[in-house]
Amino acid sequence: MTAKKKLKVATTSLAGCFGCHMSFLDIDERLFTLLDHIEFDRSPLTDIKEVSPGTDIGIIEGGLCNAENVHVLREFRQNCTTLIAIGACAINGGLPAQRNHLPLTAILEEVYHTGHGLANGMIPNDPELPLPLNKVHPIHEVVQIDYFIPGCPPSADAIWKVLTDLLAGKEPTLGHGLMHYD
Ligand code: SF4
């Protein structure tokens with residue numbers, strides 16, 4: 001009997017804090033069960049640098065705050081059959097989107113140039129650095145998203161439920177107690 005093919009799962013953190021990934025790892029020993037059914041592709045948990053074509057599930061934490069975020073998000077959409085927005089930042093920009101109340105130039109000036117305690121401050125301008133976007137955006141504004149798991153972060157149980165539903169070939173649902181926005 002041939003072993004059932006494992007689903008390929010890629011994950012990334014865009015303008016996120018890695019808290020959603022930590023919550024994912026909070027499934028604790030269920031991770032071993034999960035690894036019987038999935039293998040990780042590009043992810044902060046692996047050393048794979050690009051999403052493999054034909055990846056089954058992409059999980060995106062964080063909104064879009066710079067050009068590299070947009071590039072990575074498009075790479076995920078292009079290569080993943082199912083894309084999941086995980087956490088408040090990916091869904092509506094989250095707390096980082098509070099910067100949208102201020103002009104980007106004012107923020108950069110304050111943080112790098114005129115703020116207290118800076119010696120010869122200057123706004124970084126090396127071309128290696130990704131250009132910041134004027135505003136922080138949720139990811140659905142750039143690519144189509146198949147499922148959303150709310151929360152900051154979503155609970156490990158919510159993440160587990162969505163993944164196990166998908167593995168079972170079911171439409172994912174989050175019942176009472178698994179759906180929250182804080
Ligand atoms: S939703 Fe919350 S936990 Fe997740 S990346 Fe954003 S700030 Fe961090």
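Counting convention: from 1, in listed order, for ligands and their atoms alike.
Under the side chain to side chain donor-acceptor pair (under 3.5 Å) criterion, S23 pairs with no residue, sequence neighbours left out. By the side chain to side chain contact (heavy atoms under 4.5 Å, CB included) test, T164 is found to be paired with W160, residues two or more places apart in sequence or in another chain being considered.
Listed by first then second residue, pairs satisfying side chain to side chain donor-acceptor pair (under 3.5 Å) with a partner in residues 103-114 read E109-H113, not counting sequence neighbours.
For the pair G63 and ligand 1, no heavy-atom separation below 4.0 Å is found.
Under the 4.5 Å side-chain heavy-atom criterion for Ile, Leu, Val, Met, Phe, Trp and Tyr, L95 and I60 are members of distinct hydrophobic clusters.
Distances under 2.8 Å from atom 8 (Fe) of ligand 1 pick out the protein N/O/S atoms C17 SG.
In this structure, D28 does not pair ionically with R30, as no charged nitrogen and carboxylate oxygen lie closer than 4.0 Å. K161 and D157 are not joined by a salt bridge, as no carboxylate oxygen comes within less than 4.0 angstrom of a charged side-chain nitrogen.
Checked options I57, I84, L83; the residue passing with Y147 is I84 (criterion: side-chain contact (heavy atoms from CB on, under 4.5 Å)).
In the vicinity of G151, heavy-atom distances shorter than 4.0 Å reach the ligand 1 atoms 1 (S).
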